[in-house]
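Worth saying up front: this structure is predicted, and the values here are computed from it rather than measured. We count residues from 1, following the sequence as given.
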Amino acid sequence: MSDQFAIDSHKLIYHPERVTQLLEAGEDWEKYKTLYPIYVEISPVGACNHRCTFCAVDYIGYQTRTLDHALLAERLAEMGRLGVKSVMYAGEGEPMLHKKINEIVKATHDAGIDSAFTTNGTALNQKFIEQSLQYTSWIKVSLNAGSPETYAQIHRTKAEDFDRVLSNIEKAVAYKKAQGLETTIGVQSILLPENRNEMVDLARRCREIGADYLVVKPYSQHNFSETRIYEKLNYDNWIDLGEQLAAEETEDFTVIFRHNTMKRYSEAQEAGYQTCYSTPAMWAYVMADGSLYSCSAYLLDERFSLGNLNEASFQQIWEGEKRKENFRFVRHELDISECRKNCRMDAINRYLYKLMDRGHRIPHVNFI
């Protein structure tokens, strides 16, 4: 089973200049403050048309608020100049519900920043396909079942959305092929007790409609989430599902069964690293109200709130006092055991910890 997109790993190794900047900064804030994120997650809207049973950000409340697209375009241009390389549109709401989403994608492209989407796919309409697919690096559709009935149960929506989403993906694939676009179109599913027996069927459906890949990943409990029904999930007895899914692969379709992440789910996180070196350095998160956070696992936590893009420029916030305070806090006070297990920066933190913490480097590193 291949993972050509390094989804079950990380891609920080392709940014040695940013890693070097982190290493050279050390504890020096004056050097550290100009270390800008490679990757930013942005939530264009707070509202969502689904209420998935596993939703990590249910505690935010699916509020009906949107980022102003004109102001966001200004901030994106600034981010591009400062070194931000990619933006994933996702967040506490469904990103494609933003009425100006196509203008936002174009502004991201014009800023020299790569765009991507994590979406439930219901609003992946023809207008988006024709106007924005050409500017989008990848789209990952959250599709968490292999049948309409289970889909409706998990996404807490109407069953007909299942076929609607599959049709939207199929149309996007057809347009991509007709126009010779390089956009990667994939599907992601969180492995749950309700859908574990439908993953093979889902893989077949994804292959039939022309998706590039299916990712099957473990659930991760968010510390602030209201939902707790999957908190005790254990994947030790589900790992063999990867072999069944591998049989569905073809030359044009890949199944990425995140067995490494599943195995880490049952490990003590302290065994991997004790300090989060990726925050507040390699990534950032923008909420639908413009709030800028250094970590998406701590939204609404004032310790990680850096400022608001409606009130200040990205540079002013990023080099400001609140990020300085967050830098000191994460380095010296944050208890990693309190963090979300298998967070988005987990693999990156494991890599950086070996570089940054000399006491935990492997012996004889000069013998390459």
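Side chain of His15 to backbone of Ile38: no donor-acceptor contact under 3.5 angstrom is found. The backbone N or O of Tyr277 lies less than 3.5 Å from a partner atom in the side chain of Asn349, making a donor-acceptor pair. Using a distance-only test at 3.5 Å, with no hydrogens or angles considered, a donor-acceptor pair links the side chain of Ser220 to the main chain of Lys341. Without hydrogens or angle criteria, Gln316 side chain to Ser313 main chain gives a donor-acceptor distance under 3.5 Å. In this structure, the side chain of Gln221 engages the main chain of Thr227 through a donor-acceptor pair within 3.5 Å. A side-chain donor-acceptor contact under 3.5 Å links Asn168 to the backbone of Gly121. With hydrogens and angles ignored, the 3.5 Å screen pairs no side-chain donor or acceptor of Arg328 with any backbone N or O of Arg323.
A donor-acceptor contact closer than 3.5 angstrom is absent between the side chains of Asn195 and Thr150. Of the N and O atoms on the side chains of Asn326 and Ser294, at least one donor lies less than 3.5 Å from an acceptor on the other residue. When only modelled atom types and interatomic distance are considered, Thr250 and Asp252 share no side-chain donor-acceptor pair under 3.5 Å. Judged by distance alone, the side chains of Asp68 and Asn310 never bring a donor and an acceptor atom under 3.5 Å apart. Gln126 and Glu130 are linked by a side-chain donor-acceptor pair at a separation below 3.5 angstrom, with hydrogens and angles left out of the test. With no hydrogens or angles considered, a side-chain donor-acceptor pair links Glu198 and Ser147 at under 3.5 Å. At a cut-off of 3.5 Å, with distance as the only test, no side-chain donor of His10 or Asp346 sits close to an acceptor on the other residue. In this structure, a donor-acceptor pair under 3.5 Å is present between the side chains of Asn49 and Thr122.
Put simply, SG on Cys339 and CG on Asn223 are 7.5 Å apart, with the number rounded to the nearest 0.5 Å. Rounding to the nearest 0.5 angstrom, the gap separating the CZ atom in Phe117 from the OG atom in Ser137 is 11.0 Å. To the nearest 0.5 angstrom, Ile113 atom CD1 is 10.0 Å from Arg81 atom CZ. Put simply, NE2 on His98 and CD1 on Ile42 are 10.5 Å apart, with the number rounded to the nearest 0.5 Å.
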Run Leu299 and Tyr59 through side-chain contact (heavy atoms from CB on, under 4.5 Å) and show every step you take.
CA-CA 10 Å; Leu299 301 181; Tyr59 70 98; 3.3 Å; yes
side-chain hydrogen bond (donor to acceptor under 3.5 Å, both in side chains) between His155 and Asn144: does it pass, once the steps are laid out?
CA-CA 8 Å; His155 284 251; Asn144 298 279; 3.1 Å; yes
Output, in order, the C-alpha distance, side-chain angles, deciding distance and verdict of side-chain contact (heavy atoms from CB on, under 4.5 Å) for Lys217 and Gln188.
CA-CA 8 Å; Lys217 62 182 285 188; Gln188 174 176 282; 3.4 Å; yes
Please test Glu92 against Tyr62 for side-chain hydrogen bond (donor to acceptor under 3.5 Å, both in side chains), starting from the C-alpha separation and ending with a verdict.
CA-CA 7 Å; Glu92 65 261 32; Tyr62 312 105; over 6 Å; no
For Leu35 and Leu22: C-alpha separation, side-chain torsions, deciding distance, then whether side-chain contact (heavy atoms from CB on, under 4.5 Å) applies.
CA-CA 7 Å; Leu35 176 56; Leu22 178 66; 3.6 Å; yes
Worked verdict on Thr53 versus Tyr230 for side-chain hydrogen bond (donor to acceptor under 3.5 Å, both in side chains)
CA-CA 9 Å; Thr53 57; Tyr230 304 116; 2.9 Å; yes
side-chain contact (heavy atoms from CB on, under 4.5 Å) between Val19 and Leu12: does it pass, once the steps are laid out?
CA-CA 8 Å; Val19 175; Leu12 187 59; 3.7 Å; yes
Let's go through Asp161 and His50 carefully: what are the C-alpha distance in whole Å and the side-chain angles of both, what is the deciding distance for side-chain hydrogen bond (donor to acceptor under 3.5 Å, both in side chains) to 0.1 Å, and is it a yes or a no?
CA-CA 10 Å; Asp161 272 0; His50 286 183; 3.0 Å; yes
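Each ring pair (Phe, Tyr, Trp, His ring centres under 6.0 Å) pair with one or both residues in residues 164-197, not counting sequence neighbours, would appear here, but there are none. Evaluation of the side chain to side chain donor-acceptor pair (under 3.5 Å) test over residues 25-35, restricted to residues two or more places apart or in two chains, returns Glu27-Arg331, Glu27-His332, Glu30-Lys33. Residues in residues 172-189 take part in these salt bridge (Lys or Arg N to Asp or Glu O under 4.0 Å) pairs, two or more places apart or across chains: Lys176-Asp212.
Between Glu231 and Arg228, at least one side-chain N (NZ, or NE/NH1/NH2) sits under 4.0 Å from a carboxylate O, which counts as a salt bridge. Comment: Glu302 engages Lys322 in a salt bridge, judged by a side-chain N to carboxylate O separation of less than 4.0 angstrom. Comment: Glu41 engages Arg344 in a salt bridge, judged by a side-chain N to carboxylate O separation of less than 4.0 angstrom. Under the 4.0 Å criterion applied to side-chain N and carboxylate O atoms, Asp201 and Arg205 are not assigned as salt-bridge partners.
With sequence neighbours excluded, the residues satisfying side chain to side chain contact (heavy atoms under 4.5 Å, CB included) with Leu292 are Ala284, Val286, Leu306, Phe314, Ile317, Trp318. Residues satisfying the side chain to side chain contact (heavy atoms under 4.5 Å, CB included) criterion with Ser291, sequence neighbours excluded, are Met287, Asp289, Tyr293, Asn308. Annotation: side chain to side chain contact (heavy atoms under 4.5 Å, CB included) contacts of Asp301 (sequence neighbours excluded): Phe224, Tyr298, Arg303, Phe304. Every side chain to side chain contact (heavy atoms under 4.5 Å, CB included) that Thr118 has, sequence neighbours left out, goes to Met88, Ala90, Trp138, Lys140. Scored by the ring pair (Phe, Tyr, Trp, His ring centres under 6.0 Å) test, Phe162 finds Tyr151 as partners (sequence neighbours excluded). Partners of His109 according to the ring pair (Phe, Tyr, Trp, His ring centres under 6.0 Å) rule, which considers only residues two or more places apart in sequence or in another chain, are Tyr135. For Gln63, the side chain to side chain donor-acceptor pair (under 3.5 Å) test picks out Arg65, with sequence neighbours left out. For the ring pair (Phe, Tyr, Trp, His ring centres under 6.0 Å) test, residues two or more places apart in sequence or in another chain that qualify with Trp238 are Tyr235.
The two residues Gln153 and Arg156 make their nearest non-hydrogen contact at O-CG, 3.5 Å. Nearest heavy-atom pair, Trp283 versus Ser296, reported as atom, atom and distance to 0.1 Å: CH2-OG, 3.3 Å. Listed here is the closest heavy atom pair of Gly46 and Ala288: N-CB, 3.4 Å. Heavy-atom minimum distance, Ile104 versus Leu76: O-CD1, 4.1 Å.
In this structure, the ring of Tyr219 has its center no less than 6.0 angstrom from the ring center of Phe54.
Residue Leu97 shares its hydrophobic cluster (ILVMFWY side chains chained together at separations under 4.5 Å) with Val45.
Results of the salt bridge (Lys or Arg N to Asp or Glu O under 4.0 Å) test with Arg207 over Glu248, Glu249, Glu170 single out Glu248 as the only residue that passes.
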